[in-house]
Amino acid sequence: MSHRRLTAHELIATVVDEDSFVSWDEPLDLDGLSEEYRGAMTAAAERAGTDESVLTGAARIHGHDIALIVGEFRFLGGSIGRAAAGRIVAAIQRATAERLPLVAATASGGTRMQEGTPAFVTMVDISAAVVAHKAAGLPYLVYLRHPTTGGVFASWGSLGHVSIAEPEALIGFLGPVVYETVNGIPFPEGVQVAENLVDKGIVDAVVPTDQLAEVAARALALLSAGATTEHRPPPRTARITPFVSRPEPSEEEVNALWSAITVTRREDRPGVRELLRHAADDVIPLNGTGFGESDKGVMLALASFGGRPCVLVGQDRRYQVGTSMGPAALREARRGMRMATEMGLPLVTVIDTPGADLSPHAEEGALAGEIARSIADMTALTVPSVSVLLGEGTGGGALAMLPARRVVAAENAWLSPLPPEGASAIVFKDADHAPLLAARQRVGAAQMLEDGSVDVIVPESPAAHEDPEGFAVAVAGALAEQIELQLG
């Protein structure tokens with residue numbers, strides 16, 4: 001690649017008006033981190049010249065006052081942990097309160113593996129803050145730098161009013177190193193490149209860094225012409241909690257969690273169809289996006305539980321064996337979200353997936369963008385909403401349907417940024433440590449309840465596959481109760 005990659009500080013110096021940048025960042029508290037993690041943070045800071053993977057603040061671009069978020073890939077691969085996410089959310093909320101346009105220059109490999117699921121779910125909070133910012137009639141510009149992958153590209157990195165990219169930048173849902181680690185084969189060349197994404201209509205343009213200020217200023221001038229109308233941003237409370245270093249999980253805890261994960265992967269585990277068959281009062285299945293696409297990995301239906309009608313969007317495990325959910329599945333899910341909003345009906349999402357499609361076809365079909373838009377649509381819902389974590393919950397495909405106002409989880413259910421085996425291969429260079437890493441990353445339902453990402457757990461005693469009807473009835477009862485709580 002011939003294009004020179006700037007550090008975060010260099011980008012700021014190049015793009016904003018001279019001496020206009022004012023940092024909003026507070027010093028980080030590393031006291032709660034383990035010695036190993038603290039050491040990694042300290043070494044990263046020395047290498048990157050920043051205290052975290054993001055810098056935020058106020059600045060001017062050709063006289064336009066803006067809020068700025070800049071990623072630094074040299075800091076632990078630009079990964080987003082809870083401290084970085086909290087910094088980003090605070091900056092976006094401040095920009096909204098001060099009615100400043102927002103410019104984000106991303107550079108990240110995605111979720112920070114040291115923090116696992118609690119860091120993974122913060123992408124929802126960042127996206128929700130962006131949705132509120134845009135709902136206030138304020139411009140949001142995204143500059144996708146090399147590289148931008150994973151949860152960042154599949155959430156707030158794909159929500160800009162205008163999205164431009166560095167020349168020859170690597171941009172994709174799944175980084176090529178992760179793809180090769182998980183699948184054992186290299187990702188095809190030329191797919192996850194900025195110029196190809198422009199050609200496929202996913203990114204608006206490729207802009208060299210030395211032209212970024214001019215392009216951004218022109219976009220801000222045009223977009224800001226309509227930014228005088230006041231809008232009420234949708235209410236949503238961020239769930240980000242400070243990172244807490246926890247004791248190494250015991251062998252018993254590791255084995256119990258891995259047993260739960262194994263149970264959710266059973267072929268005879270009941271899924272969304274069994275939930276509807278055994279526990280719904282009535283069901284009218286719907287089909288497709290309405291725009292000539294259909295993906296059986298997601299089921300869309302009008303349904304009723306406990307006498308309460310709702311729109312249901314459920315990941316169907318039956319049609320994800322040997323295949324994966326693609327962009328069309330999420331577009332179908334978003335059809336359900338629109339319908340719920342238009343008709344004033346509660347929305348129920350059912351999460352049960354080994355992961356979204358990781359193919360070149362899905363990348364070029366805007367899979368990351370559809371994940372981001374699904375997250376955004378859910379955070380902006382004005383109707384009651386319940387997400388049900390029914391079994392497997394792998395990656396962005398699962399996160400896309402998580403941001404309901406209330407989250408119900410089956411006792412054995414789990415949520416992880418990557419399959420545990422894939423995460424283990426990245427961290428330990430083998431799959432043997434998957435059970436230990438899953439426990440460390442706090443992927444299990446009980447851990448998510450403790451961390452505030454789950455509101456209610458439905459016990460599995462016996463396990464769901466041993467009593468499918470009883471399990472379905474219990475889950476339906478829990479989700480109906482959560483709907484009623486929201487309706488008052």
Side-chain angles (χ1 to χ4, degrees), residues 3 5-6 8 10-18 20-22 24 54-71 88 91-108 126-127 129-146 148 152-153 155-169 171 193-231 233 366 368-369 372-373 376 380:
H3 183 76
R5 311 302 181 184
L6 302 184
E10 289 173 337
L11 182 84
I12 293 170
T14 300
V15 175
V16 308
D17 297 352
E18 188 174 359
S20 69
F21 180 74
V22 178
W24 286 348
V54 290
L55 301 177
T56 73
R60 287 189 300 276
I61 296 180
H62 287 196
H64 293 272
D65 290 319
I66 64 160
L68 186 63
I69 299 170
V70 181
I88 295 167
I92 298 171
Q93 291 176 338
R94 181 168 176 177
T96 307
E98 297 183 11
R99 298 202 60 78
L100 291 173
L102 179 63
V103 177
T106 62
S108 174
I126 300 171
S127 299
V130 168
V131 169
H133 183 82
K134 294 167 68 176
L138 296 167
Y140 177 43
L141 309 184
V142 177
Y143 188 50
L144 301 164
R145 297 159 61 217
H146 175 80
T148 297
V152 170
F153 185 48
S155 57
W156 52 285
S158 289
L159 295 178
H161 290 111
V162 176
S163 297
I164 57 180
E166 270 189 329
E168 303 175 24
I171 302 168
V193 178
E195 288 77 4
N196 184 54
L197 299 191
V198 172
D199 185 57
K200 296 297 185 291
I202 297 171
V203 174
D204 293 311
V206 169
V207 177
T209 307
D210 59 6
Q211 298 176 26
L212 177 58
E214 179 185 354
V215 173
R218 290 167 55 200
L220 289 168
L222 294 170
L223 287 170
S224 297
T228 56
T229 303
E230 292 288 340
H231 298 272
R373 287 182 281 275

Where do Thr209 and Tyr143 land on the side-chain contact (heavy atoms from CB on, under 4.5 Å) test, with the steps shown first?
-> CA-CA 9 Å; Thr209 307; Tyr143 188 50; 3.4 Å; yes
Please round to the nearest 0.5 Å and tell me the distance separating atom CZ of Phe21 and atom CD1 of Ile12.
-> 4.0 Å
Shortest non-hydrogen separation from Leu100 to Ala67 and the atoms involved = CB-N, 4.0 Å
Under 3.5 Å, side chain of His133 to main-chain N/O of Pro139, donor-acceptor pair present?
-> yes
Hey, are the side chains of Ile202 and Ile171 touching, using non-hydrogen atoms and a 4.5 Å cut-off?
-> no
Closest non-hydrogen atoms of Thr148 and Val152, given as atom of the first, atom of the second and distance, are CG2-CG1, 4.2 Å
side-chain contact (heavy atoms from CB on, under 4.5 Å) evaluation trace for Leu68 with Ile61 | CA-CA 10 Å; Leu68 186 63; Ile61 296 180; 5.6 Å; no
Any idea which heavy atoms bring Leu138 and Ala95 closest together, and the distance?
-> CD1-O, 4.1 Å
Value rounded to 0.5 Å, distance of NE2 in His62 from OG in Ser20 | 10.5 Å
Within the distance-only criterion (no hydrogens, no angle test), does the side chain of Arg145 pair as donor or acceptor with the backbone N or O of Gly71 below 3.5 angstrom?
-> yes
With sequence neighbours excluded, residues passing salt bridge (charged side-chain N to carboxylate O under 4.0 Å, His left out) with Arg60 | none
Apply the test side-chain contact (heavy atoms from CB on, under 4.5 Å) to residues Leu141 and Leu223: give CA-CA distance (whole Å), side-chain angles for both, the deciding distance (0.1 Å), then the verdict.
-> CA-CA 10 Å; Leu141 309 184; Leu223 287 170; 3.6 Å; yes
Spell out, as yes or no, whether a donor-acceptor pair under 3.5 Å connects the side chain of Ser158 to the backbone of Phe153.
-> yes
Do Leu102 and Ile92 touch side chain to side chain, with heavy atoms closer than 4.5 Å?
-> yes
Can you check whether Ser163's main-chain N or O pairs, donor with acceptor, with Asp204's side chain at less than 3.5 Å?
-> yes
Does Pro167 offer a backbone N or O that forms a donor-acceptor pair with the side chain of Glu195 under 3.5 Å?
-> no
From Leu159 CG over to Arg373 CZ, what is the distance, rounded to the nearest 0.5 angstrom?
-> 8.0 Å
Indicate the atoms forming the closest heavy-atom contact of Glu10 with Leu6, along with that distance.
-> OE1-CA, 3.4 Å
Please answer whether the main-chain N or O of Tyr140 pairs with a side-chain N or O of His161 as donor and acceptor at a distance below 3.5 Å.
-> yes
Which distance, rounded to the nearest 0.5 Å, do you find between the CD1 of Ile164 and the CD of Gln211?
-> 10.0 Å
List the atom of Thr96, the atom of Ala132, and the distance in Å for their closest heavy-atom pair.
-> CG2-O, 4.3 Å
Would you say Arg99's side chain and Ala136's backbone share a donor-acceptor pair under 3.5 angstrom?
-> yes
Taking C-beta and beyond as the side chain, do Arg5 and Glu168 meet within less than 4.5 Å on heavy atoms?
-> yes
